[in-house]
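Numbering of ligands and ligand atoms starts at 1, following listing order.
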Amino acid sequence: MNDEIYILAIETSCDDTSIAIMKNNAVLANIVSSQQIHELFGGVVPELASREHDRLIVPVLREALHKSKISLNQIDVIAYTRGPGLLGSLLVGSSFAKSLSLSLNIPLIEINHMHAHILSIFIEDNIDKPEFPFIALTVSGGHTQLVLVESPIKFTEIGTTLDDAAGEAFDKSGKILGLDYPAGPTIDKISKKGDPNRFIFAKPKVKGLNFSFSGLKTNFKNFINSKSEDFIKNNINHLCASLQHTIVEILIEKILNAQKTYGINDFVVCGGVSANSYLRQKLLYLKDSQNIKSYLPNVSYSTDNAAMIGVNAYYKFKYSIFGELSDQSISRYPV
Ligand code: KG4
Ligand code: ZN
C-alpha cells in the first residue's frame, strides 16, 4: 500500500451535504453545507433534502478542492456514504461518487454511516484515541445504538432504540415547546440556566441494552399540554434542563449496563447528540465514579460530516475492501 493516500469522501445521507479531502486520516478540508430549508418544516423533508444535495454537491466539491489545495487528479480513492439514510439523498452521493470514480479511473469505497460516526474518533486531530476493543454509543437524529467494536472493520450491534432516537427525543420535545428544528443545540443552551431536577419525566423500563424514548416524549407532551402558556414561558429553562437530564440519564444507565455486560471500560460516544454539554459533563463524572473512560470526537466531527467517511475509507483501503461500480442494491449497507 502507498504510505500516503488522498481520499475524496462524500456524505449525503440526511440534510448535510459534505465533502472532505483527507491525506490518510488527516483532514485537509471538510466542507459541510447544512441545509437550512428544513427549518421551515420543523424536520427534514426527504424530497427537499435530495434536491438540495443535487444543488450543493458541485459547489461543495469545488470549495473542498480549493481549501485542500489538492486537484482531482491527485485523488487515489473516492468514498461515499452508502447507508443508512434517506434514499433520495443517498442516491445523489452514490451517483456522484460513482461518476467521479469512473471518470478518474480510481477505486470506490462504500461506507456505512453508523460505522463512520464511530471511527470519527480516529481522525488525526482528535487528541485522545481508544484501543480496540471498545464500545460505541452512537446518538444522532436518526439512530441510538450501542456497538461492540473489535477492530476498524468488526462492528457488532449490542443495543438499539425500539422507537425514537435520542436526537429525535430532543427535536420532537423541542417542537412541543415551539423551538426551531433541530432543537437539540437550543435545549442544550437554554438548559444551562435551568434546574435539571425541577420536573420529573418518565423513564422507560426497557431491560438490557435497548433504548426507548417515545414514552418520555408522550409524557412530556401531556405535561406541556396540561400547563398554561405563561407557565411554559416562565419555566422554559427548567423544562429544558429536566428533559435533557432525563434523556442523558437514560443514555448513562445503558452505558453502565454495557460496561457490566461486556467488562469493557472504554466508550466512544459519537453522533450529533454527543455534542450535548450536559452529556459530556456526566461522562466526565463516570471516569472518577465508575472507571469508565469516554472518548469523544471533536465537536466538528460529532454531527454529520464527510471527514468521518474519509477516515473510515482510510481503514477500508488498508484492508482492501472496495465497492463495486455496478452494484445496484442501495438497501444493502456496507459491512
Ligand atoms: O449525527 P447528526 O448530525 O445527524 C444524524 O445523523 O441524525 O445528529 C443530529 C442530531 C439532531 O437530533 C440534533 O438535535 C442533535 O443531533 N444535536 C444535539 C446537540 N447538537 C446536535 N442534541 C443535544 N444537544 C446538542 N448540543
Ligand atoms: Zn449521522
Side-chain angles (χ1 to χ4, degrees), residues 9-18 20 30 32-36 38-39 42-46 49 53 80-86 89-90 93 111-121 136-145 147 160-161 164-177 179-192 194 196 211 213 216-217 240-252 268-283 296-309 311-312 333:
I10 301 164
E11 156 62 32
T12 64
S13 66
C14 190
D15 59 341
D16 295 297
T17 313
S18 181
N30 180 36
V32 184
S33 181
S34 300
Q35 303 174 359
Q36 307 300 329
H38 307 286
E39 283 172 18
V44 178
V45 184
H53 286 307
Y80 74 100
T81 305
R82 173 74 183 245
L86 302 172
S89 295
L90 290 168
I111 299 295
N112 179 313
H113 181 87
M114 301 310 293
H115 298 173
H117 266 302
I118 297 170
L119 296 181
S120 68
I121 195 67
L137 172 69
T138 311
V139 271
S140 72
H143 299 271
T144 305
Q145 283 186 348
V147 180
T160 188
T161 180
D164 290 345
E168 269 180 303
F170 276 102
D171 297 337
K172 289 182 177 172
S173 306
K175 198 173 174 186
I176 295 165
L177 289 173
L179 304 176
D180 286 343
Y181 174 87
T186 317
I187 291 175
D188 189 356
K189 205 167 134 205
I190 297 176
S191 297
K192 290 195 164 69
F211 301 84
F213 291 97
L216 167 62
K217 182 190 65 192
C240 285
S242 302
L243 172 79
Q244 176 176 270
H245 174 76
T246 314
I247 296 171
V248 168
E249 285 284 293
I250 294 170
L251 298 176
I252 297 289
V268 168
V269 183
C270 54
V273 178
S274 74
N276 184 267
S277 58
Y278 190 72
L279 173 63
R280 287 183 172 236
Q281 191 185 317
K282 291 279 173 190
L283 290 172
L296 291 111
N298 292 347
V299 172
S300 56
Y301 305 130
S302 297
T303 48
D304 286 353
N305 68 90
M308 69 185 197
I309 306 303
V311 74
N312 196 342
Y333 300 149

A.B. asks: Using a 4.0 Å cut-off to any heavy atom of H113, which atoms of ligand 1 qualify?
C.D. replies: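 Per the distance check, 6 (O).
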
A.B. asks: Tell me whether the rings of H117 and H113 are parallel (<30°), tilted (30 to 60°) or perpendicular (>60°).
C.D. replies: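 Perpendicular, since the angle between the ring planes exceeds 60°.
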
A.B. asks: Going by heavy atoms, is A275 under 4.0 Å from ligand 1?
C.D. replies: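 The answer is yes, since A275 has a heavy atom less than 4.0 Å from ligand 1.
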
A.B. asks: Show me which atoms of ligand 1 lie under 4.0 Å from any heavy atom of S140.
C.D. replies: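 Near S140, meaning under 4.0 Å from one of its heavy atoms, ligand 1 has 1 (O), 5 (C), 6 (O), 7 (O), 8 (O).
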
A.B. asks: H117 near ligand 1, heavy-atom distance under 4.0 Å?
C.D. replies: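 Right, H117 reaches ligand 1.
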
A.B. asks: I'd like to check whether D16 has a polar contact with ligand 1, where a contact means an N/O of the residue lying under 3.5 Å from an N/O of the ligand.
C.D. replies: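 Min N/O separation from ligand 1 is not below 3.5 Å for D16.
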
A.B. asks: Mind checking whether T303 contacts ligand 1 via backbone (N, CA, C, O), side chain (CB onward), both or neither, at a 4.0 Å heavy-atom cut-off?
C.D. replies: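 Both parts.
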
A.B. asks: Testing V268, T303, L296 one by one against S274 for a side chain to side chain contact (heavy atoms under 4.5 Å, CB included), which residue passes?
C.D. replies: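 Result: among V268, T303, L296, L296 is the only option passing the side chain to side chain contact (heavy atoms under 4.5 Å, CB included) with S274.
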
A.B. asks: Is there a heavy atom of Q244 sitting under 4.0 angstrom from any atom of ligand 1?
C.D. replies: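 No; Q244 lies far enough from ligand 1 that no heavy-atom distance drops under 4.0 Å.
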
A.B. asks: Which single N/O/S atom of D304 lies at minimum distance from the Zn ion (ligand 2)?
C.D. replies: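 Of all N, O or S atoms in D304, the Zn ion (ligand 2) lies closest to OD1.
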
A.B. asks: Does ligand 1 have a heavy atom under 4.0 Å from the side chain of D171, from its backbone, from both, or from neither?
C.D. replies: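 Looking at D171 and ligand 1, just side chain atoms fall under 4.0 Å.
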
A.B. asks: Just how far is it from atom NE2 of H143 to atom OG1 of T138, taken to the nearest 0.5 Å?
C.D. replies: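 Reported value, rounded in 0.5 Å steps: 9.5 Å.
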
A.B. asks: Answer yes or no as to whether an N/O/S atom of H143 is found below 2.8 Å from the Zn ion (ligand 2).
C.D. replies: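 So H143 does not bind the Zn ion (ligand 2) by this criterion.
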
A.B. asks: To 10°, measure the NE2(H113)-the Zn ion (ligand 2)-NE2(H117) angle for me.
C.D. replies: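 Angle NE2(H113)-the Zn ion (ligand 2)-NE2(H117): 90°, rounded to 10°.
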
A.B. asks: Which residue and non-hydrogen atom of the protein lie closest to atom 21 (C) of ligand 1, and at what distance in Å?
C.D. replies: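 Ranked first by proximity to atom 21 (C) of ligand 1 is G272 O, 3.3 Å.
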
A.B. asks: State which residue, out of V269, D188, I247, fulfils the side chain to side chain contact (heavy atoms under 4.5 Å, CB included) condition with L279.
C.D. replies: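 Testing L279 for a side chain to side chain contact (heavy atoms under 4.5 Å, CB included) against V269, D188, I247 leaves exactly one candidate, V269.
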
A.B. asks: Is the Zn ion (ligand 2) less than 2.8 Å from an N/O/S atom of C14, whether that atom is in the backbone or a side chain?
C.D. replies: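 Under 2.8 Å: C14 has no N, O or S contact with the Zn ion (ligand 2).
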
